[in-house]
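These notes concern the structure reproduced below.
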Amino acid sequence: MTRSTAAPGRAVALNHERTVTALGQCPLLTGLAREEIEGILARSTVQHFPAQRRVFEEGGRSRGAWVVTAGRVRLHHLMADGRQHVGGFRSPGSVLELTSALDGRPYMSTATALESSEMVLVPRALVSELARNYPITVRNAIEQLCLEVRQRDITTAIASLKDARGRIGCTLLWLATQFGVDDGKTTRIDYRLTRQDIADRSGVTIETAIRVMSDLQRRGIIRTHSQIIEILDIEKMRDPARCEECQFDCSVFASGTPQLIR
DNA sequence: TCATTAACCGTCG
DNA sequence: CGACGGTTAATGA
């Protein structure tokens, strides 16, 4: 066999390895052995999506739970005026639409690939079967659904904040809990986001998002570089977001943070 | 395509 | 009235 055929074969094997690893990192499957993950993958379908392609749509019949195994995904609702309300962003290891997979009702939001992404669709039947065969997955599912409920509270908090400063501040702080990487003094949101993404997550126009973020940069509270946002002063960020009077569990400072939704 | 700025305008406290 | 934020347009990277 020539080198030209052997090399792609090895690439496929490596790719499979990465898919298995990412699938194993899915919170639903925590505690399962490698062979069990392999078995689940064997009975699931792997699909690839180019940037901007829809993975599934709100209202569509649930075929199962989706697990992000590569790339990045945006969850959102399409609104009548053409704007999007973004519910959240996901990265490898995330499970999407577990609720729909469990109750068989339609998908609750639309998912769009932000970049070339790989998704594993775990069929509904298999999700039920997992619950029967591996009690740990029931615990995992409960844990995951609790996290999703809590995140929904954050979304509510963002929407209920009165002004744009507060909404964008709350959005950035939440993103910091989800994707934040502590660089000693500052926190970097390790997830590329356009101004439009921030605006859609905050419920404001892109111009307003820019207006507010430019001001935050002038005041030395944040710094941005090629779609990566760094929070330089979390205290001052909490101020416009009015974190003190917020009843939701965003907990930017929480040490021993529970597993977050990736 | 993404980011930024500015002028303008309606809403609301 | 004046702050705020959406709309529109122009421009730069």
Side-chain angles (χ1 to χ4, degrees), chain A residues 48-58 68 70-92 109-119 153-176 178-181 183 186-248 250 262:
Chain A
H48 294 86
F49 299 86
Q52 307 310 319
R53 181 71 53 82
R54 301 269 170 80
V55 177
F56 54 80
E57 299 208 28
E58 181 175 5
V68 183
R72 302 184 302 131
V73 171
R74 175 183 60 212
L75 291 170
H76 58 282
H77 301 285
L78 302 171
M79 299 190 296
D81 62 1
R83 281 167 66 178
Q84 298 190 357
H85 176 264
V86 171
F89 302 96
R90 296 292 183 270
S91 54
S109 50
T110 298
T112 302
L114 285 174
E115 60 190 53
S116 174
S117 301
E118 181 188 86
M119 312 282 296
D153 259 12
I154 301 299
T155 304
T156 305
I158 293 171
S160 65
L161 281 169
K162 199 144 176 21
D163 59 13
R165 302 192 66 79
R167 293 219 284 271
I168 290 165
C170 186
T171 293
L172 295 179
L173 286 169
W174 170 250
L175 287 169
Q178 194 181 0
F179 300 110
V181 173
D183 285 356
T186 72
T187 298
R188 189 181 73 255
I189 295 172
D190 201 16
Y191 199 97
R192 282 178 45 229
L193 293 165
T194 66
R195 292 292 187 269
Q196 188 71 63
D197 289 328
I198 301 294
D200 290 344
R201 181 76 182 102
S202 308
V204 299
T205 62
I206 185 175
E207 289 82 1
T208 297
I210 288 168
R211 222 183 248 161
V212 171
M213 289 177 71
S214 294
D215 185 59
L216 288 172
Q217 290 201 69
R218 268 192 294 275
R219 291 164 45 192
I221 298 173
I222 65 172
R223 185 196 308 156
T224 70
H225 181 256
S226 57
Q227 303 186 334
I228 293 292
I229 302 164
E230 219 177 332
I231 300 179
L232 306 175
D233 189 335
I234 286 193
E235 278 307 320
K236 284 186 186 161
M237 182 68 96
R238 285 167 63 87
D239 185 35
R242 308 241 298 263
C243 289
E244 300 72 25
E245 49 201 88
C246 176
Q247 77 250 46
F248 302 118
C250 161
R262 280 182 305 250

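Below, chains carry the letters A, B, ... as their sequence lines are ordered, and counting in each starts from 1. Every value quoted in this text rests on a predicted model; they were computed, and no experiment measured them.
- Judged as a side-chain contact (heavy atoms from CB on, under 4.5 Å), and not counting sequence neighbours, the contacts of A111(A) are V55(A), F56(A), V73(A), L75(A), L96(A).
- With sequence neighbours excluded, the residues forming a side-chain contact (heavy atoms from CB on, under 4.5 Å) with R242(A) are E245(A), listed by chain and number.
- Residues satisfying the salt bridge (Lys or Arg N to Asp or Glu O under 4.0 Å) criterion with R72(A), sequence neighbours excluded, are E115(A).
- As rounded to whole Å, 17 Å separates atom C1' of dC2(B) from atom CD of E115(A).
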Heavy-atom protein contacts under 4.0 Å, nucleotides 5-11 of chain B, coded B base, S sugar-phosphate only, - none: B-B----
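- Rounded to whole Å, atom P of dG6(C) lies 16 Å from atom CZ of R195(A).
- With distances taken from any side-chain atom of V204(A) to the nucleotides dG6(C), dA3(B), dG5(C), the minimum falls on dG6(C).
- Closest contact between the side chain of R167(A) and the listed nucleotides dG6(C), dA3(B), dG5(C) involves dG6(C).
- A straight line from CZ of R192(A) to P of dT1(B) spans 15 Å, rounded to a whole angstrom.
- In this structure, M79(A) atom CE and dG6(C) atom C1' are separated by 13 Å, rounded to whole Å.
- E58(A) pairs by the salt bridge (Lys or Arg N to Asp or Glu O under 4.0 Å) definition with nothing, not counting sequence neighbours.
- As rounded to whole Å, 12 Å separates atom C1' of dC2(B) from atom CD of Q52(A).
- Dashed line: the shortest gap from a side-chain N or O of T205(A) to OP1 or OP2 of dG6(C) is under 4.0 Å.
- Look at CG on D215(A): it is 11 Å from P on dG5(C), rounded to the nearest Å.
- Atom CG of D163(A) and atom P of dG13(B) are 13 Å apart (whole Å).
- Applying the salt bridge (charged side-chain N to carboxylate O under 4.0 Å, His left out) test to every pair with at least one member in residues 200-214 of chain A, sequence neighbours left out, gives no pairs at all.
- Of the listed residues (L114(A), D197(A), I228(A), I229(A)), just one forms a side chain to side chain contact (heavy atoms under 4.5 Å, CB included) with Y191(A), and that residue is L114(A).
- The distance from atom CZ of R83(A) to atom P of dT7(C) is 6 Å, rounded to the nearest whole Å.
- Across all non-hydrogen atoms, the minimal contact from V86(A) to R74(A) is CG2-CD, 3.6 Å.
- For Q196(A) and dT1(B), the shortest distance from a side-chain N or O to OP1 or OP2 is not below 4.0 Å.
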